Amino acid sequence: MGVSVPTTVCVRALLFASYAEVVGRGAVTLTLTAPATVRSALWELRRLPGGERLPERPLVAVNHTHAALDTPLSPNDEVAILPPLAGG
Amino acid sequence: MGVSVPTTVCVRALLFASYAEVVGRGAVTLTLTAPATVRSALWELRRLPGGERLPERPLVAVNHTHAALDTPLSPNDEVAILPPLAGG
Amino acid sequence: MPFLTTAPLDLSRLVAEVTAPARGGIACFLGVVRDHHGGRSVASLEYSAYEPMAEIECRRIVAEARARWHAEVALEHRVGQLAIGDAAVAIAAAAPHRDAAFAACRYVIEEVKRRVPIWKRERFADGTEGWVDPTQEGGWSDHRVDRVVPQPAPGDAEWGV
Amino acid sequence: MPFLTTAPLDLSRLVAEVTAPARGGIACFLGVVRDHHGGRSVASLEYSAYEPMAEIECRRIVAEARARWHAEVALEHRVGQLAIGDAAVAIAAAAPHRDAAFAACRYVIEEVKRRVPIWKRERFADGTEGWVDPTQEGGWSDHRVDRVVPQPAPGDAEWGV
């Protein structure tokens, strides 16, 4: 009996502020080919209508922590694409 | 007719905090030989009972402005001998 | 206590939270909504946040300042609609001596600006609007949309305040 | 408004005095009476001042900070009897940006400590007293007198509060 290897990773992607406006929505569920990274999630988001206006190297976070484009994604992770921060 | 040259300068000297305690008073009127400086006022103050405990080079002020020991004194000036400052 | 709030900020309450007999210095900072940005007249603005992450980052920043300067630190950031002159962020940092209090206070405001996911949409006196982008020349996003934007779909809980 | 007061300090009022729509950053400082000094337990303390000169120096310091950083600055120093935890000095400095606000606030507290003729007499938990001397090892004056000292003669107007 072989071990079942999942071939896809399902994650929740969040878009905020100006990035939510250009894509027209704040949350998208993505099904990515394993192994998945933030970069592969961003690649899918940039294929959405308006998504071509997302930058190639935005700030990103995974599960509420700042992350990098090559941060790996696990099933049900929350990946957030963050416009330039303007708090304070 | 010659010009009258005053030979003495009368000033008001103030002592504060620990310096007032060692001399036992907060204000002294001093009659100094002209030309007078802060140093000559301090010299007189150090001759008062307890005055020997005043330092030789304290902080000083003349007419509410920080001054030096060789700052000249005019009649009715207010010269203050200031213990180490502890505000703030 | 959450770090984000829609209520007006109260610096006195933050100062009271950090005051203690062993702490002789309290440094504070208030960031206030200005009436001009990039030469344009601002009428009001709205702060939104990725709230769960913003709370976590604020907690981390405060913990870092406490550990590094042996300080007690209180922080609040306002979200939602703000008027000119309203405080958007308030910080109080208390330490035994003033060097540490100032350093901790300064650290917190710098790190809040650098790390906490909060965004600011300005409404200008001429009726247009724009997202503030501190990384861009002029201070607005390339994606700035000079019109009133529809609200996000209801039910999308992750959308910021 | 005088800079010296016997009333409790109110940072909120100072902040309100300096707040304006063009000033986005407000840095504040509170100096609070600590319960220990040099390893000894402090029960209370009394600030006294050479009042006319203290007012003049405070006004000069505030004017310098305003000119150098284009800041608006409010300053108060309390005199008389203070309890542990009371604020002895309060500063609010507002400027268009936070760098200037922090710099102006820091300048004012450093110059107040360096230039304003104010003295502090500590009453310790063991009943003794001493003048604080920041220039001495241990922090007290060589002229420290560990007893209750008679008040200055009435009518000597220059004696501090």
Side-chain angles (χ1 to χ4, degrees), chain C residues 8-16 18-37 41-45 72 82-99 101-110 112-113 120 125 132 134 139, chain D residues 8-16 18-37 41-45 72 82-99 101-110 112-113 120 125 132 134 139:
Chain C
L9 303 185
D10 180 357
L11 183 60
S12 300
R13 190 174 55 71
L14 299 190
V15 167
V18 301
T19 300
R23 301 189 195 110
I26 305 175
C28 311
F29 181 75
L30 282 172
V32 173
V33 176
R34 289 196 293 158
D35 57 356
H36 278 77
H37 180 210
S41 182
V42 176
S44 72
L45 48 71
E72 188 54 69
L82 274 73
I84 305 302
D86 282 351
V89 61
I91 299 162
H97 296 284
R98 67 188 183 285
D99 278 348
F102 273 108
C105 185
R106 193 68 200 254
Y107 178 81
V108 170
I109 184 59
E110 299 304 326
V112 164
K113 286 178 171 282
K120 180 161 63 172
V132 175
Chain D
L9 304 185
D10 180 357
L11 182 61
S12 299
R13 189 173 57 70
L14 300 190
V15 168
V18 302
T19 300
R23 301 188 196 111
I26 306 174
C28 311
F29 181 74
L30 282 172
V32 173
V33 175
R34 288 195 293 158
D35 57 356
H36 277 77
H37 180 210
S41 181
V42 177
S44 72
L45 47 72
E72 188 53 71
L82 274 73
I84 305 301
D86 282 352
V89 61
I91 299 162
H97 295 283
R98 68 188 183 284
D99 278 347
F102 273 109
C105 185
R106 192 67 199 256
Y107 178 81
V108 170
I109 183 60
E110 299 303 327
V112 164
K113 286 178 170 282
K120 180 161 63 171
V132 175

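Note that the coordinates shown come from a computational prediction; the quantities given were computed from them, not determined experimentally. We name chains A, B, ... by the order of the sequence lines, and we start the count at 1 in each one.
For the residue pair C/R23 and D/R34, the shortest heavy atom distance occurs at C-CG, 4.0 Å. The nearest pair of heavy atoms linking D/P21 to C/I84 is CB-CG2, 3.7 Å.
When D/I26, D/D10, D/V33 are compared by the number of non-hydrogen pairs under 4.5 Å with chain C, D/I26 comes out ahead. Chosen from C/I91, C/V32, C/T19, the residue pairing most often with chain D at heavy-atom distances under 4.5 Å is C/V32. When C/A87, C/G25, C/G85, C/A101 are compared by the number of non-hydrogen pairs under 4.5 Å with chain D, C/G25 comes out ahead. Comparing D/V89, D/L11, D/D99 by how many heavy-atom pairs each has under 4.5 Å with chain C, the most go to D/D99. Most heavy-atom pairs under 4.5 Å with chain D, from the set C/A93, C/A22, C/A20: that is C/A22.
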Side chain to side chain contact (heavy atoms under 4.5 Å, CB included) between D/V15 and C/C28, worked out: CA-CA 11 Å; D/V15 168; C/C28 311; over 6 Å; no
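Pairs engaging residues 82-93 of chain C under the salt bridge (charged side-chain N to carboxylate O under 4.0 Å, His left out) rule: C/R78-C/D86 [sequence neighbours left out].
Evaluation of the side-chain contact (heavy atoms from CB on, under 4.5 Å) rule for C/R98 yields C/F102, D/F29, D/R106, D/I109, D/E110, D/K113 as partners, not counting sequence neighbours.
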